[in-house]
Participant: 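Please read through the structure below; I'll follow up with questions.
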Number of protein chains: 2
Amino acid sequence: MEFKDNIPIYLQIKQYLYRQIVTGELKPGQKIPSVRELAVQLTVNVNTVQRALQQMNVEGILYTKRGEGNFVTEDTDLLEKTKQELIDDELNKFVQSMNDLGVSNDQIHDILSAYLK
Amino acid sequence: MEFKDNIPIYLQIKQYLYRQIVTGELKPGQKIPSVRELAVQLTVNVNTVQRALQQMNVEGILYTKRGEGNFVTEDTDLLEKTKQELIDDELNKFVQSMNDLGVSNDQIHDILSAYLK
DNA sequence: TTTACTGTATCACATTTCTAATACACTGTA
DNA sequence: TACAGTGTATTAGAAATGTGATACAGTAAA
């Protein structure tokens with residue numbers, strides 16, 4: 001995996017997993033790869049993976065069975081809510097950035113349309 | 001200024017100044033506040049400001065007159081090009097993020113419209 | 001019980017980022 | 001010239017991040 005050097009890797013790992021979960025690539029109740037597997041996959045240290053997973057555990061999106069592995073939560077309401085939050089966050093950042101660059105809300109649509117072609 | 005703790009402050013300062021420049025709040029040829037002024041304004045160390053300005057200097061968006069201060073470039077072509085690049089970068093990030101979250105290009109418009117109301 | 005797989009904890013170290021203090025160098029103006 | 005305002009450089013230290021190695025602890029299955 002290619003990491004941006006401006007953002008802590010453990011945060012990028014969280015984002016990577018979050019996205020796999022909310023898109024259903026990792027399904028509710030499904031076991032995710034072990035910390036050691038992920039560490040190899042992502043060419044990163046075990047501790048760095050651990051840090052990401054530990055936080056996602058606190059956030060409730062994962063649960064840990066010690067000795068077995070980490071699993072995606074089965075709380076589909078939480079998953080749906082999380083997905084909406086992630087999308088809203090992105091919308092927020094985007095609109096804010098465009099405004100800061102002098103692009104009004106009205107103009108955003110046109111610029112986006114042009115961009116998507 | 002409120003800084004996000006995940007992104008280096010000098011990068012946020014760069015972004016802050018870039019945006020003031022491309023929106024014309026700071027005009028071509030205009031002197032920007034001194035490193036010491038900015039440091040006080042942003043409640044940040046002089047060295048941190050210096051680091052941001054030094055990079056913007058390399059990038060050509062600012063030029064330095066030693067003993068006088070830093071000035072916005074008068075190369076309006078570069079300014080226009082820079083603005084376009086910043087906008088395109090934001091569009092890129094946004095569309096990429098939405099795709100990663102399972103939102104297709106077709107859906108983006110609707111979601112954006114809903115959000116802007 | 002043993003083995004192999006899990007997660008967890010700890011330590012030492014390097015790097016990046018940021019602060020803080022100080023000094024130096026250049027410029028315009030009184 | 002002297003001074004006040006600029007940018008620049010250097011040094012030391014703290015905190016956050018990441019690596020690497022090692023050990024410990026729980027679980028499932030042979």
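Below, chains carry the letters A, B, ... as their sequence lines are ordered, and counting in each starts from 1. Any value given below was found using the heavy atoms of this structure, including those in side chains, with hydrogens, waters and symmetry copies removed.
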Participant: Any side-chain N or O of B:T48 less than 4.0 Å from the OP1 or OP2 oxygen of C:dT19?
Facilitator: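 Yes, B:T48 has a side-chain N/O under 4.0 Å of OP1/OP2 on C:dT19.
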Participant: So if I take every side-chain heavy atom of B:N47 and compare against C:dA20, C:dT6, D:dG7, which nucleotide ends up nearest?
Facilitator: C:dA20
Participant: In this structure, how many angstroms lie between the P atom of D:dG7 and the CZ atom of B:F71, rounded?
Facilitator: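 Those two atoms, CZ and P, are 9 Å apart.
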Participant: Does A:K81 NZ have over 12 foreign heavy atoms under 6.0 Å away?
Facilitator: no
Participant: In terms of side-chain heavy atoms of B:P8, which of D:dG7, D:dT19, C:dC18 is nearest?
Facilitator: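 Per side-chain heavy atoms of B:P8, the pick is C:dC18.
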Participant: Picking from D:dT19, C:dT8, C:dC18, which would you name as closest to the side chain of B:I9?
Facilitator: C:dC18
Participant: In whole angstrom, give the distance that lies between atom CD of B:Q50 and atom P of C:dA23.
Facilitator: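 After rounding, the reported distance stands at 19 Å.
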Participant: Under 3.5 Å, is there any donor-acceptor pair linking the side chain of B:R36 to the base of D:dG7?
Facilitator: yes
Participant: Mind calculating the distance between CG (B:N57) and C1' (D:dT8) to the nearest angstrom?
Facilitator: 12 Å
Participant: Taking only N and O in the side chain of B:R51, is any of them less than 4.0 Å away from OP1 or OP2 of C:dT17?
Facilitator: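 So the side chain of B:R51 is within the cut-off, an N or O lying under 4.0 Å from OP1 or OP2 of C:dT17.
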Participant: Ignoring hydrogens and angles, are the base of D:dG20 and the side chain of A:N45 linked by a donor-acceptor pair under 3.5 Å?
Facilitator: yes
Participant: Specify the residue among A:I7 and A:G67 whose closest nucleotide of DNA chain D lies further upstream toward the 5′ end.
Facilitator: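 Comparing both residues, the 5'-ward one is A:I7.
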Participant: When you measure from the side chain of B:Q30 to the backbone of B:K27, do you find a donor-acceptor pair of N or O atoms at a distance under 3.5 Å?
Facilitator: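 Yes; judged by distance alone, with no hydrogens or angles, the pair exists.
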Participant: Should B:T64 be listed as having a side-chain N or O under 4.0 Å from OP1 or OP2 of D:dG7?
Facilitator: no
Participant: Measuring to OP1 and OP2 of C:dG7, would you say a side-chain N or O of A:N70 lies under 4.0 angstrom away?
Facilitator: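 Answer is yes, contact under 4.0 Å.
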Participant: Check this one for me: any side-chain N or O of A:Y10 less than 4.0 Å away from OP1 or OP2 of D:dT17?
Facilitator: yes
